[in-house]
Amino acid sequence: MATTNPPNPSNNNTPVKPPKPHARLEKWIWILIYGGLFLVILGISTGRTDAALGWSMAVPGGLVTLVGFVLIYVRSRLNDK
């Protein structure tokens, strides 16, 4: 009868995942997209009461969202090596 060794916690047989090289960029992409969309929505809802304030919130929010989408394209062109 063959004996099997119990799992040893000091025996590190699990593969080590390499760190994601562009993790910080990916984090900022989603922060910019969601933050910009939040500002657009907030600007639209504020624009019902004060049009100038609504536009001054919605336009920068749209630009921030656009920057996030451009960074998605930039991330797709980067080399993962």
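Position 1 is the first residue of the sequence; numbering continues from there. Hydrogens, waters and symmetry mates are skipped; everything else that's a heavy atom, side chains included, is used. These numbers were taken from a predicted model, which means no experiment stands behind them.
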Got a second to check how far [X]'s [atom1] is from [Y]'s [atom2], nearest 0.5 Å?
X   : Y   : atom1 : atom2 : result
L39 : L63 : CG    : CG    : 10.5 Å
L53 : R48 : CG    : CZ    : 14.5 Å
L66 : L71 : CG    : CG    : 10.0 Å

- request: Just jot down the side-chain contact (heavy atoms from CB on, under 4.5 Å) partners of L37, sequence neighbours excluded, or say none.
  value: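 Expected list: I33, T65.
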- prompt: Shortest non-hydrogen contact from I29 to R75?
  reply: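 Answer, listing the atom of I29 first, then R75: CD1-CB, 4.0 Å.
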query: Are the side chain of T46 and the backbone N or O of G43 linked by a donor-acceptor pair below 3.5 Å?
result: no
Hydrophobic clustering (ILVMFWY, side-chain heavy atoms < 4.5 Å, transitive) - are [Y] and [X] grouped together?
X   : Y   : answer
L25 : V64 : yes
L32 : L78 : yes
I72 : V67 : yes

field: Within residues 32-70 or reaching into it, pairs that qualify as ring pair (Phe, Tyr, Trp, His ring centres under 6.0 Å) - sequence neighbours excluded
entry: W30-Y34
